[in-house]
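This report refers to the structure that appears directly beneath it.
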Amino acid sequence: MANEIKKIGILTSGGDAPGMNAAIRAVTRTALASGLEVIGINRGYAGLIEEDFIEMDAKSVSDIIQRGGTILYTARCKRFMTPEGQDQAAEVCRKHGIDGIVILGGDGSFRGASKLSERGINTIGVPCTIDLDISCTDYTIGFDTAVNTAMEAVDKVRDTSTSHERISIIEVMGRNAGYIALYCGIANGAEEILLPELNNYDERKMIDDILERKRVGKKHHIIINAEGIGNSYRMADRIEAATNIETRATIIGHIQRGGSPSARDRVMASAMGAYATDLLIEGKSNRVVCYRNGKFCDYDIEEALEMKKTLDPYMLSISGRFSR
Ligand code: ADP
Ligand code: F6P
């Protein structure tokens, strides 16, 4: 068996996501159970270059499955984007006898993983982002928690919005990806969902629709705006001026990235973390763990990065049906 692997590292990179800690726990405990040593690498690739390491034992990951954020901290590291930084990181791995690394992050982090793999360090990526915008997988760790956090916030805004018969623009995260907006739009029964992928923001039409809905007796107008579209505060000013209805903007912001992971995120993180570690133990490298069509699987990182993802057409088609 290709079990040359004796010591593995684990790092978290890019934007954090609820469930990363559950994945760290799964990787650590799976590896320990197979007799491997485990090194926690702090602050992503920056900590790898700087040898900012902690020894992980079973106790290091106790009491973290329910915690948001990442106990290993995360960072964006410019030096690692250069061949010199990548050479240095691979050299650090060799110096410490680290045979393989599980990398929790998004597409950028997987590009980095591929650079380490080219340099002889086995790498496995695990998709973690609240944005759900990693093409090779139907699920990314953190999405479910973020959507539930945003949904609860929108419900609260809706209460006061209805009481005052106002229009509310609620901005959710997702600069380039509208999944959180689309799911909240459906889950919160929003009148409008503004999505960066569609590029279909038509303020004149939205104002006409709002006036029409008011005419038929609607008491609130909830507009879910994905972060990538315009400035929600200025949009609110313009809509208020055009409709003569009080309009408020609320930006939910980073609370969507924190908080205790949902059951779905804990379970998916546990399964993906264990799967990633098993791949390393089998001697695999340059792979990313995915969940597709209800099954866990893995792809070559380059192949995974070439895949394209669009918003689910069925979800999009139903999302416009409920607003009258
Ligand atoms: P995410 O992993 O969430 O997509 P980023 O795109 O910010 O987040 O990437 C996280 C880190 O991964 C970067 O700060 C950098 O250290 C590393 N990285 C990103 N892209 C590359 C690349 N093309 N080559 C090498 N490393 C990269
Ligand atoms: O990728 C996750 C995400 O939260 C996006 O939705 C958002 O656009 C971005 O990260 C914000 O990143 P930060 O504030 O950490 O720079």
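We count ligands from 1, going down the list as the structure has it; atoms in each ligand are counted the same way. Numbering starts at 1 and runs along the sequence shown. What you see is a predicted model, and the numbers here were worked out from it, not measured in a lab. Just so it is clear, the values below take in all heavy atoms, side chains as well, and ignore hydrogens, waters and symmetry mates.
By the 4.0 Å heavy-atom criterion, D107 is counted among the residues contacting ligand 1. Using a non-hydrogen distance threshold of 4.0 Å, Q256 does not register as a contact of ligand 2.
Counting all heavy atoms, side chain and backbone alike, V289 lies closest to L279 at CG2-CD1, 4.2 Å.
Between R204 and D208, at least one side-chain N (NZ, or NE/NH1/NH2) sits under 4.0 Å from a carboxylate O, which counts as a salt bridge.
Heavy-atom contacts of G174 reach the following atoms of ligand 2: 6 (O) (cutoff under 4.0 Å). Remark: ligand 1 atoms within the under-4.0 Å shell around heavy atoms of G15 are 3 (O). Listed by number with element, the atoms of ligand 1 under 4.0 angstrom from any heavy atom of Y45 are 12 (O), 16 (O), 17 (C). The atoms of ligand 1 that sit less than 4.0 Å from any heavy atom of G14 are 3 (O), 8 (O), 10 (C). Each of the following atoms of ligand 1 lies closer than 4.0 Å to a heavy atom of R111: 21 (C), 22 (C), 23 (N). Set against the non-hydrogen atoms of F80, the atoms of ligand 1 under 4.0 Å away are 16 (O), 25 (C), 26 (N).
The protein heavy-atom contact nearest to atom 4 (O) of ligand 1 is G108 N, 3.0 Å. The shortest contact between atom 3 (C) of ligand 2 and any protein heavy atom is with R257 NH1, 3.5 Å. In this structure, atom 7 (O) of ligand 1 lies nearest to the protein heavy atom R76 NE, 3.2 Å.
Only one option out of E165, R166, H164 pairs with K219 in a side-chain contact (heavy atoms from CB on, under 4.5 Å); it is E165.
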- Query: Is there a side chain to side chain donor-acceptor pair (under 3.5 Å) between S114 and E302 once you walk through the steps?
  - Reply: CA-CA 8 Å; S114 168; E302 273 69 37; 2.4 Å; yes
- Message: What verdict does the side chain to side chain donor-acceptor pair (under 3.5 Å) test give for R79 and Q88, after you've listed the backbone C-alpha separation in whole Å, the side-chain angles of each residue and the deciding distance to 0.1 Å?
- Response: CA-CA 10 Å; R79 173 140 181 83; Q88 197 182 345; 2.8 Å; yes
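Separating the CD atom in E212 from the CG atom in D209 is a distance of 8.0 Å, to the nearest 0.5 Å.
Only the side chain of Q86 comes within 4.0 Å of ligand 1, judged by heavy-atom distances.
Around atom 14 (O) of ligand 1, the closest heavy atom drawn from S109, C77, S13, G106 belongs to C77. Nearest residue to atom 5 (C) of ligand 2 from V172, D131, D16, I130 is D131 (criterion: closest heavy atom).
By the 30° and 60° cut-offs, the orientation of the rings of Y275 relative to F296 is tilted.
Separation of the Y291 and Y139 ring centroids does not fall under the 6.0 Å cut-off.
Side-chain atoms of T145 and D265 include a donor-acceptor pair closer than 3.5 Å.
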